[in-house]
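Values below: all heavy atoms of this structure, side chains included; hydrogens, waters and symmetry mates excluded. The chain is numbered in sequence order, starting from 1.
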Amino acid sequence: KNTTLYLIVGLVVLLAIVILVFGIFFLNDKDPRETFHTYYLRFDQVSTLAQDDPVKVNGVKLGKVESIALQGRKVGVRIRLRTDVQVPRNSEFKVQNIGLMGERQIGIQLGDAADFYLPNDTIDGKCDAGIAEAMGLAGEVFDSAKVILQITRGILDSTVATQDFRDRFRRILAKTETLEDR
């Protein structure tokens, strides 16, 4: 009787462990059969790119961003890419905008060169402007417009808005009306 109880408890624990392992792989979007190579990318800036953002090759998700770190004046991005993908040396690497809320991805547009990047190679990439950059630029434009308006108001207040200018303008209008009557 005790042996049967121990066997049932053991099977339940074993089943729970199996479900836990497969659940972790499923929730982390990992297939235990897939293998990956690591590549290192360098960008001038990456905007809102974040760890675990997708890496797409010609629009197909085949990897993800592993880490992002500042390396001198450049930003270093480590990505993992499935081993069945060969990336020609004339391919383009870009940080791309994929959503209205500033979501980003690494986009790789495959080239047609005969030689390929090797795992652990360091590759230079570009960053496309997106919503975050447009909003930042709009803020700068508004700040500049505010300064221009303040300067214009100061000039108008010191010339046209003075009492002396108004008095002169009224006299000129009166003389013009008198001249018109004549």
### Message
Checking K146 against D143 for the salt bridge (Lys or Arg N to Asp or Glu O under 4.0 Å) test, could you report, in this order, the C-alpha distance in whole Å, the side-chain angles of both residues, the deciding distance, and whether it holds?
### Response
CA-CA 5 Å; K146 186 176 181 181; D143 288 343; over 6 Å; no
### Task
Classify the angle between the aromatic ring planes of H37 and Y39 as parallel (below 30°), tilted (30 to 60°) or perpendicular (above 60°).
perpendicular
Working to the nearest 0.5 angstrom, can you tell me the gap between [X] [atom1] and [Y] [atom2]?
| X | Y | atom1 | atom2 | answer |
| --- | --- | --- | --- | --- |
| K56 | I106 | NZ | CD1 | 12.5 Å |
| I68 | R78 | CD1 | CZ | 11.0 Å |
| T159 | D164 | OG1 | CG | 11.0 Å |

If you look at every heavy atom in [X] and [Y], which pair is closest and at what distance?
| X | Y | result |
| --- | --- | --- |
| V87 | S91 | CG1-OG, 3.6 Å |
| I172 | T176 | O-OG1, 2.7 Å |
| Q45 | V75 | CA-CG2, 4.1 Å |

[Y] and [X], any side-chain heavy atoms less than 4.5 Å apart:
| X | Y | value |
| --- | --- | --- |
| V55 | L62 | no |
| P88 | L110 | yes |
| Y6 | I8 | no |
| E66 | Q51 | no |
| D121 | Y40 | no |
| D44 | K74 | yes |
| R166 | Q163 | yes |
| N90 | D112 | yes |

#### Entry: Derivation and outcome, side-chain contact (heavy atoms from CB on, under 4.5 Å), residues I79 and T38
CA-CA 6 Å; I79 64 169; T38 299; over 6 Å; no
### Query
Around R89, counting heavy atoms of other residues, nucleotides and ligands shown, do more than 12 lie under 6.0 Å from its CZ?
yes
### Query
In this structure, are over 12 heavy atoms from other groups packed under 6.0 Å from F169 atom CZ?
no
### Among V18, I24, I17, the one residue meeting side-chain contact (heavy atoms from CB on, under 4.5 Å) with L20
I24
### Query
Is the side chain of S158 donor-acceptor paired with the backbone N or O of G154 at a distance under 3.5 Å, no angle test?
yes
### Message
I'd like to know if the side chain of D53 reaches the main chain of A50, judged simply by a donor and an acceptor atom lying under 3.5 Å from each other, with no hydrogens or angles considered.
### Response
yes
Indicate if [X] and [Y] have the same hydrophobic cluster label, given that clusters are the connected sets of ILVMFWY residues with side-chain heavy-atom separations under 4.5 angstrom.
| X | Y | result |
| --- | --- | --- |
| V46 | L70 | yes |
| V65 | V60 | yes |
| L14 | F22 | no |

### Query
Going through the distances and angles, do I123 and Y117 end up as a side-chain contact (heavy atoms from CB on, under 4.5 Å)?
CA-CA 9 Å; I123 306 159; Y117 286 111; 3.6 Å; yes
#### Entry: Chi angles and distances behind the salt bridge (Lys or Arg N to Asp or Glu O under 4.0 Å) call for D167, R171
CA-CA 6 Å; D167 292 342; R171 283 196 303 269; 5.4 Å; no
### Task
Indicate whether the side chain of D128 and that of N97 have a donor and an acceptor atom separated by less than 3.5 Å.
no
### Query
With distance as the sole criterion, is a donor-acceptor pair present between the side chains of R104 and S47 under 3.5 Å?
yes
### Task
Flag this pair as yes if the NZ/CZ of R80 is under 6.0 angstrom from the six-membered ring centre of F36 and inside a 45 degree cone about the axis; otherwise no.
yes
### Message
Salt bridge or not between K94 and E92? Use side-chain N to carboxylate O under 4.0 Å.
### Response
yes
### Query
Can we say R42 and D124 salt-bridge, meaning some charged N sits less than 4.0 Å from an Asp/Glu carboxylate O?
yes
### Task
Step by step, work out the side-chain contact (heavy atoms from CB on, under 4.5 Å) result for I108 and L81.
CA-CA 11 Å; I108 303 172; L81 200 57; 4.1 Å; yes
